[in-house]
Structures are given as structure tokens and as C-alpha cells.
Number of protein chains: 2
Amino acid sequence: MKPGQRVLFALRKMIVSGEIPDGTRIAEIGTAERFGVSRMPVRTALRTLEQEGLVARLGRRGYAARGPTPTSIEDAIEVRGVLEGLAVRIIASRPIAPAFARKLKACLAQGDALFAGDDFVADDIDRFYSYNLAFHDLLLDASGNSAITVALSRNNHLPLASAGALAVDWDDLASARHHLHAAHQDHHAVAAAILAGQPDEAESRMRRHARAALIPGMMPLVGPL
Amino acid sequence: MKPGQRVLFALRKMIVSGEIPDGTRIAEIGTAERFGVSRMPVRTALRTLEQEGLVARLGRRGYAARGPTPTSIEDAIEVRGVLEGLAVRIIASRPIAPAFARKLKACLAQGDALFAGDDFVADDIDRFYSYNLAFHDLLLDASGNSAITVALSRNNHLPLASAGALAVDWDDLASARHHLHAAHQDHHAVAAAILAGQPDEAESRMRRHARAALIPGMMPLVGPL
DNA sequence: AATGTTCTTATTGGATCCAATAATATCGTT
DNA sequence: AACGATATTATTGGATCCAATAAGAACATT
């Protein structure tokens with residue numbers, strides 16, 4: 001991996017994981033020496049992180065880490081809810097393309113398969129992760145509104161804020177299954193409202209689905225940063 | 001102004017104005033020579049524009065301009081509508097702080113003053129621009145949800161997509177007055193719903209207000225890029 | 001002693017140089 | 001003549017160097 005990408009990913013991970021505490025000052029020179037690279041990749045990385053809202057400018061004295069707080073995560077989840085809500089509203093407001101309906105049902109079938117039996121293993125969480133991501137991406141894509149995707153691209157760097165992040169308890173598979181099953185049922189409800197051509201219903205269902213990620217005390221399953 | 005800012009603003013303006021047609025390839029070297037600067041400010045500017053969605057990477061052959069299309073502008077306006085709708089929903093869902101109520105009324109009073117008389121001059125459009133921006137900023141700020149601001153910061157670089165952009169006919173002041181007055185009345189309706197503690201009403205009013213920018217045939221009044 | 005001014009220093013922004021890489025064109029071979 | 005391999009070139013990414021600027025400290029003056 002190239003130095004620029006490496007520094008960017010490393011800084012991102014350190015900030016969202018709290019390894020770099022919120023408010024910590026991040027200077028170009030010190031960071032460059034720390035990573036053993038030139039100041040240039042650090043500079044570009046900081047610019048990108050600034051766009052993502054993970055660092056804030058400190059006048060002329062460099063940047064400050066803006067680590068995610070419980071409040072900022074809740075805020076981002078709420079934003080995701082309304083944006084994905086808009087996506088499904090748009091879809092439900094228009095005639096449903098047969099190809100889309102087919103893909104949607106096929107996607108849901110993947111989820112159905114996961115909960116067909118009573119057994120639930122750790123790998124199923126990974127499988128649900130893939131299915132969940134596919135479901136949300138499908139809707140975002142079908143809306144045809146690229147501004148939604150652009151607006152969402154920042155939230156996805158915060159843990160728990162992206163659609164691909166799920167709050168599950170890895171140590172209690174029964175609880176995890178229950179939790180993810182509820183999310184899957186949300187998906188069905190949203191899909192039903194879409195296929196029935198009910199924009200309001202689809203939107204409010206999607207909003208509530210987003211807020212379901214706000215279960216306290218759960219360890220986040222964060223996708224690839 | 002520093003070279004970096006200058007190049008960034010110039011490129012942004014050229015792309016959104018169509019001076020650089022959609023799809024045009026933008027290389028670092030050529031652009032740097034064109035502006036008489038080093039490649040470095042061009043590079044940072046292109047990275048920023050990429051984040052804003054105004055240019056897209058072309059593999060290793062530089063970037064391509066992604067000029068705004070009517071569709072992308074409509075999409076961005078719709079996104080702005082739901083995000084600002086969320087902001088006012090949040091405000092209306094909570095107890096109203098007296099200080100906020102005061103500021104809100106003071107802000108609206110600025111607008112009232114603009115339409116008190118029957119005369120309307122070109123300068124009044126500028127004044128409305130300031131008032132309009134203050135109104136939207138006040139609500140965004142009062143919501144306390146910084147994720148909304150972050151998500152919106154990209155849209156605001158597209159003409160007509162930002163809250164500070166207004167579609168007015170500079171040659172027909174009477175028409176402009178009518179148009180802006182309608183927007184001002186929208187503000188009153190939103191404010192009333194907020195102060196009355198009606199989240200649903202406030203949100204839907206705000207959404208409709210955003211869509212009011214979608215009047216075809218009007219010249220955009222774009223704020224400082 | 002307090003405050004204003006100046007000097008030093010830390011830090012960011014820009015420019016130039018060097019390296020890596022991929023696309024393209026040309027030449028050789030079949 | 002066509003296809004493939006190689007070499008050249010165009011272009012981006014990174015490193016180092018230089019300039020501008022602002023913050024902070026120290027000193028002088030009132």
C-alpha cells in the first residue's frame with residue numbers, strides 16, 4: 001500500500017478507535033516523523049480527514065482530532081436515517097421496475113435463508129453483514145439520487161453510523177440472532193411498503209430501522225474502514 | 001488570496017458555470033501552467049473537488065470535470081430539503097430555549113422589514129440573501145446535530161443547491177419580490193410550527209420550502225463560492 | 001510592575017526535484 | 001501483415017527545500 005493511503009487509513013482508525021483522543025492536536029511534522037514518511041502524504045491525509053469531519057482546523061496551528069462521541073454517532077445515525085428514508089421514498093413514489101423488484105426479492109431471500117433454521121453461528125453474522133450491505137446499497141442505487149450517496153459517504157467513516165455497521169453481541173449468539181432478525185424484518189417491512197407504492201410508510205419504516213442501531217451496550221461490528 | 005484558494009475557487013467556478021464542460025479531463029501539469037502556479041495547489045484543489053463530487057478520478061490519467069446537470073441539482077436540493085427538515089424536526093421536538101426563540105423572531109423581523117414597503121430594489125435582493133442565509137444557519141445551528149452540517153457542506157458547492165442560493169429574476173424586480181416574499185412566508189410557517197412544537201409540520205414545511213427553489217427558467221443567485 | 005513592542009521560533013503553504021507507473025508507440029518476429 | 005514485446009514518454013505521488021506567517025517569549029519603556 002502506498003504511504004498516502006497507509007497514513008490516511010491509520011489516522012482514521014486511530015481517531016475513530018480513540019487511540020488518538022478527541023481534541024488531540026495533530027501537526028504535520030510530528031505525524032510525518034511518527035509514520036516515517038514525508039509531510040506531503042500527511043498533509044493530503046489531513047485534508048481528506050477534514051472533509052470527513054474527523055479532524056478540525058486549528059487556525060494556523062494544525063488540526064485537532066475530532067473523535068466520535070456518543071452524541072456525534074447518534075447524530076450521524078439520524079442523518080443516515082433520513083437520507084436512506086429519502087431514498088426509499090423516491091423509489092416508492094415511482095413505478096417499480098420489474099428488474100428492481102426481482103433484485104429486491106432476491107436480496108431479501110438471502111436474509112430469509114439466514115434465519116430459516118434455528119441454529120445461528122458466528123459466520124452467520126458475517127453473512128448478515130454482506131446481505132445487509134447489499135440491501136442498503138441496492139436501495140441507494142435504485143433511488144437514482146447520487147446526492148444521497150455523496151452526502152452519506154462521510155457518515156460511513158464513523159463506527160455504527162454506516163449502514164454496514166451493526167450493533168451485535170458477539171458473545172451471545174441467541175441475542176445477536178434476535179437482534180439481526182428484527183433488522184431483517186425491518187427490511188421486509190420497508191420492501192413491502194416500496195412494492196406497495198407507499199412512500200410515507202417506506203420512509204418512516206426506514207427511519208425507524210436506522211434508529212434500531214442505537215441499542216446501548218452493544219459492541220459495534222464495523223466494516224472495512 | 002493564496003494560490004491554493006485561488007485555484008480551488010477558480011476551478012470550482014469554472015466547473016459549476018460550465019466553462020469547463022462536463023467530462024473534460026483536468027491534468028495537474030496543464031492546469032498548473034494555466035494558472036501560473038506549482039502543481040501542489042492544483043493537486044490539493046483537485047482532492048478537495050473530488051470530495052465535493054465536482055471532479056472524478058480517471059484512473060491514473062488525472063481527473064474529469066463533473067459539471068452539475070439539472071438532475072444532479074434537483075437531487076441535491078431534495079437532499080438539502082430532508083436534512084434541513086430533520087434539523088427543524090429536532091428543534092420542534094424539544095423544549096424551545098427562550099434565547100433561541102428570541103433569535104428566531106429577530107431573524108424573521110429582518111425579513112419582515114424587507115417586505116414592509118412596496119418598493120423593492122436590487123440591493124434588497126442582497127439583503128434578502130444575507131437574511132436567508134442567517135435563517136437557515138440559525139436553524140442548522142440550533143438543531144445541535146453537526147452531522148447535518150457536515151452532510152450539507154458538499155451540496156452547498158452546487159449552484160441552486162445551497163440554502164444561500166436563490167432563484168430570482170434580476171431583470172424583473174416585481175417578480176423577484178413576489179418570489180422572495182413567498183420564501184419569507186415559508187420561513188414564517190416553519191418558525192410557527194417550531195415554536196408550536198409541531199415536528200411533523202415543521203419538517204414538511206421545510207421540505208416544501210427547499211423544493212420551492214426548483215422554479216425553472218430563473219437565473220441562480222449564487223453566493224460566494 | 002505592567003504593558004507594548006520586537007525578535008525568535010514553530011508550523012504551515014508552495015515550489016522544485018525525483019521516483020514509480022502505466023499507457024502508448026514503435027520495432028521486431030512470426 | 002499482424003501480433004507481441006520492449007522502450008519511451010506522459011503523468012501522478014512523494015520528498016526535500018524555501019518562504020510566509022503567526023504565536024509566544026523576552027526585553028524595553030512608561
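Order of the sequence lines sets the chain letters (A, B, ...), proteins ahead of strands, with each chain counted from 1. Being a predicted model, the structure only gives us computed values, none of them experimental.
Annotation: side chain of A:Arg39 is in contact with side chain of A:Ile29 (closest heavy-atom distance under 4.5 Å). Side-chain atoms of A:Glu50 and B:Gln51, non-hydrogen and from C-beta on, never get closer than 4.5 Å to each other.
Annotation: the span from A:Ile148 atom CD1 to A:Leu86 atom CG amounts to 4.0 Å, rounded to 0.5 Å.
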Short heteroatom pairs, N/O only, protein and nucleotides 10-18 of chain C, under 3.5 Å:
| residue | atom | partner | partner atom | Å |
| --- | --- | --- | --- | --- |
| C:dT12 | OP1 | A:Glu28 | N | 3.4 |
| C:dT12 | OP2 | A:Glu28 | N | 3.4 |
| C:dG13 | OP1 | A:Arg57 | NH2 | 3.0 |
| C:dG13 | OP2 | A:Glu28 | OE2 | 3.3 |
| C:dG13 | N7 | A:Arg39 | NH2 | 3.1 |
| C:dG13 | N7 | A:Arg43 | NH2 | 3.3 |
| C:dG13 | O6 | A:Arg39 | NH1 | 3.4 |
| C:dG14 | OP1 | B:Gly4 | N | 2.8 |
| C:dG14 | N7 | A:Arg43 | NH1 | 3.2 |
| C:dA15 | OP2 | B:Ser38 | N | 3.0 |

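When the salt bridge (Lys or Arg N to Asp or Glu O under 4.0 Å) test is applied to A:Asp124, the partners found at least two apart in sequence or on another chain are A:Arg127. Annotation: salt bridge (Lys or Arg N to Asp or Glu O under 4.0 Å) contacts of B:Arg25 (sequence neighbours excluded): none.
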